[in-house]
Amino acid sequence: MTINNCARVFITGCGGMLGPAVYRGFSESYEVLASDIDLNEPWLEYGDVRDFAAIEKLAKKFEPDLIINLAALTNLEYCEKNPDDAWKTNALGAENMALICRRLDIPLVYISTAGIFDGRQEYYNDFDQPNPLSIYAKAKYHGELAAQRMLDKYYVFRAGWMMGGGPAKDKKFINKIFKQIAAGEKILRVVDDKLGTPTYTENFAESMLRIVQTDLYGLYNMVCGGSCSRYDAAVEFIRLLGMEKEVRIEIVDSDYFKNEYFAPRPSSEKLVNLKLDSRGINFMRDWRECLAEYAEEFKAELKPKRGKLILKEEAATL
Ligand SMILES: NC(=O)c1ccc[n+]([C@@H]2O[C@H](COP(=O)([O-])OP(=O)(O)OC[C@H]3O[C@@H](n4cnc5c(N)ncnc54)[C@H](OP(=O)(O)O)[C@@H]3O)[C@@H](O)[C@H]2O)c1
């Protein structure tokens with residue numbers, strides 16, 4: 001079945017970093033029902049992927065032609081400390097959505113992660129064997145397998161280091177760097193022994209939208225072009241903010257953060273979009289170009305005052 005202009009799309013876990021970009025993109029072409037357990041947008045309905053009966057009822061009432069499951073617990077340390085919750089959300093929740101798609105005879109889009117690899121190789125293509133290290137990654141890998149085993153028609157898109165959602169929703173690296181800068185930190189400690197491929201939510205959502213219209217079902221690595229270390233990404237972001245004179249980066253290794261970030265992480269999770277390239281459907285742009293676009297959202301949050309940068313909200317109270 002081709003997803004046509006009359007299609008109805010049900011999105012779960014749509015209130016996070018990636019959700020708003022997917023919601024906006026798909027709403028332009030389709031009728032969308034977006035859900036999450038965190039109702040942080042007026043267009044979200046409550047939907048918990050762990051609760052099979054309730055989420056199936058919501059899906060059946062809407063009669064979707066496609067389900068996009070974005071729901072996940074994405075904090076690796078939370079997942080290590082709460083494995084049952086991680087398995088229920090990231091694995092069973094994914095299985096629930098695959099089962100609903102099977103019952104409704106519709107395709108599923110599932111978002112997986114570059115973190116399913118163990119980092120023994122530097123680069124991973126779509127066919128390399130996953131060997132997840134953390135609870136988060138193990139449960140996400142189960143989600144991939146559930147889609148593949150239960151459905152004929154699925155898209156599994158593997159994202160890398162997600163950047164997007166802006167200062168309000170970005171839970172990951174770029175916003176962590178930004179928050180330190182906004183708090184006036186002059187020296188940032190950043191690792192250079194973790195390698196990956198940034199993935200910009202706006203670009204990822206646009207790419208998803210184009211690919212679900214092709215009927216080229218399957219599993220795809222889908223990350224931005226190029227790759228980097230956490231250090232490279234931080235240097236580039238600080239340069240884009242125009243803060244390279246004010247802020248200095250001290251390189252540390254991952255041991256430095258071993259108490260804060262105790263979940264096991266691969267030393268390299270660089271992905272190669274081999275299948276997207278070969279099929280002529282690689283719509284992902286270079287990570288530096290995407291970061292430049294994304295950095296504008298953060299620049300707008302900062303205002304210069306007597307040579308010092310402060311948050312816009314703080315400026316309003318001065
Ligand atoms: N963020 C990354 O670096 C990254 C990288 C690769 C792949 N991915 C994958 O991309 C997808 C989208 O993630 P994201 O980056 O947008 O992360 P996110 O910001 O954490 O968004 C995930 C959303 O799912 C919600 N959620 C959690 N448990 C749920 C449940 N039981 N039922 C329904 N919704 C639930 C979360 O709510 P709460 O905020 O209340 O938990 C959150 O709003 C996920 O499948 C994730 O595994 C993310």
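All values reported here derive from a predicted model rather than from experimental measurement. Numbers here simply count residues along the sequence, with the first being 1. Each ligand, and each atom within it, is numbered from 1 in the order the structure gives.
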For ligand 1, is there an N or O atom under 3.5 Å from any N or O atom of Ser112?
-> no

Minimum side-chain heavy-atom gap Trp161-Glu269 below 4.5 Å | yes

What is the nearest protein non-hydrogen atom to atom 42 (C) of ligand 1, stated with its residue, atom name and distance?
-> Asp36 OD2, 3.7 Å

If you measure from each non-hydrogen atom of Lys88 to ligand 1, which part falls under 4.0 Å: side chain, backbone, both or neither?
-> neither

Search all heavy atoms of Ala98 against all heavy atoms of Leu151 and return the closest pair with its distance.
-> O-CD2, 3.5 Å

So between Thr12, Leu73, Leu44, whose heavy atom ends up nearest atom 41 (O) of ligand 1?
-> Leu73

Any N/O of Gly19 closer than 3.5 Å to an N/O of ligand 1?
-> no

Give the contacting part of Tyr136 toward ligand 1: side chain, backbone, both or neither, where contact means a heavy-atom distance below 4.0 Å.
-> side chain

Shortest protein heavy-atom distance from atom 29 (C) of ligand 1, along with the residue and atom involved | Ile37 CD1, 3.5 Å

Taking the six-membered ring where the residue is Trp, are the ring centres of Tyr155 and Tyr110 under 6.0 Å apart?
-> no

Given salt bridge (Lys or Arg N to Asp or Glu O under 4.0 Å), test Arg50 with Asp85 step by step and report yes or no.
-> CA-CA 9 Å; Arg50 292 167 297 188; Asp85 203 7; 3.0 Å; yes

Not counting sequence neighbours, which residues clear salt bridge (charged side-chain N to carboxylate O under 4.0 Å, His left out) with Glu63? List them please.
-> none

Quick one: does ligand 1 sit under 4.0 Å from the side chain of Met17, the backbone, both or neither, non-hydrogen atoms only?
-> both

Looking only at protein heavy atoms, what sits closest to atom 3 (O) of ligand 1 is Met162 CB, 3.2 Å

A student checking ligand 1 against Gly13 at a 4.0 Å heavy-atom cut-off should list atoms 23 (C), 24 (O), 34 (N)

Close side-chain approach of Asn175 and Phe298, heavy atoms under 4.5 Å = yes

Note: ligand 1 atoms sitting under 4.0 Å from heavy atoms of Lys172 are 1 (N), 2 (C), 3 (O)

Thr89 neighbourhood, listing ligand 1 atoms whose heavy-atom distance to it stays under 4.0 Å = 28 (N), 29 (C), 31 (N)

N/O separation below 3.5 Å, Lys171 to ligand 1 = yes

Mark up the atoms of ligand 1 that fall under 4.0 Å of a heavy atom belonging to Thr113, in ascending order.
-> 6 (C), 7 (C)

Nearest 0.5 Å, what's the CG-CG distance between Leu58 and Leu33?
-> 5.5 Å

Number the atoms of ligand 1 from 1 as they appear, then name those within less than 4.0 Å of a heavy atom of Gly47, with their elements.
-> 32 (N), 33 (C)

Closest protein heavy atom to atom 21 (O) of ligand 1, given as residue, atom name and distance to 0.1 Å | Gly16 CA, 3.4 Å

Test Leu99 against Glu95 for side chain to side chain contact (heavy atoms under 4.5 Å, CB included), laying out the working first.
-> CA-CA 6 Å; Leu99 185 54; Glu95 208 175 296; 6.0 Å; no

Going by the atom numbers of ligand 1, which of them fall below 4.0 Å from some non-hydrogen atom of Lys140?
-> 44 (C), 45 (O), 46 (C), 47 (O)

Among all protein heavy atoms, pick the one closest to atom 44 (C) of ligand 1 and tell me residue, atom and distance.
-> Leu70 O, 3.2 Å

Does ligand 1 have an atom that lies less than 4.0 angstrom from a heavy atom of Gly164?
-> no

Joint hydrophobic cluster, Tyr220 plus Tyr123, side-chain heavy atoms closer than 4.5 Å = no

Asp38 neighbourhood, listing ligand 1 atoms whose heavy-atom distance to it stays under 4.0 Å = 40 (O)

Atom of Val49, atom of Asn69 and distance for their closest heavy-atom approach = CG1-OD1, 3.9 Å

Within a strict 4.5 Å, meaning less than it, do heavy atoms of the Met163 and Phe237 side chains meet?
-> no

Leu66 reachable from Tyr23 in the ILVMFWY side-chain graph, under 4.5 Å edges | yes

Residue, atom name and distance, where the atom is the protein heavy atom closest to atom 17 (O) of ligand 1 = Thr74 CG2, 3.4 Å

Kindly confirm or rule out an N or O of Val49 lying under 3.5 angstrom from an N or O of ligand 1.
-> yes

To the nearest 0.5 angstrom, please state how far the CG atom of Asn75 sits from the CD atom of Glu80.
-> 10.0 Å

Which heavy atom in Gly165 sits nearest to a heavy atom in Thr201, and how many Å separate them?
-> N-OG1, 3.9 Å

Have a look at Ala72, Pro198, Ala139, Ala86 and point out the one with the heavy atom closest to atom 22 (C) of ligand 1.
-> Ala72

Nearest 0.5 Å please: distance from the OG atom of Ser254 over to the CZ atom of Phe262.
-> 15.0 Å

Note: Arg158, heavy atoms under 4.0 Å from ligand 1, region reported as neither

Compare Ala114, Ala94, Gly165, Gly160 and give the one whose heavy atom is closest to atom 6 (C) of ligand 1.
-> Gly160

Atom indices of ligand 1, in the order listed, that fall short of 4.0 Å to a heavy atom of Asp48 = 30 (C), 31 (N), 32 (N)

Considering residues at least two apart in sequence or located in another chain, which fulfil the salt bridge (charged side-chain N to carboxylate O under 4.0 Å, His left out) criterion with Glu236?
-> Arg239, Arg288

Nearest non-hydrogen protein atom, atom 9 (C) of ligand 1 = Ile111 CG2, 3.7 Å

Ranked by distance from atom 34 (N) of ligand 1, the top protein heavy atom is Ala71 CB, 3.4 Å

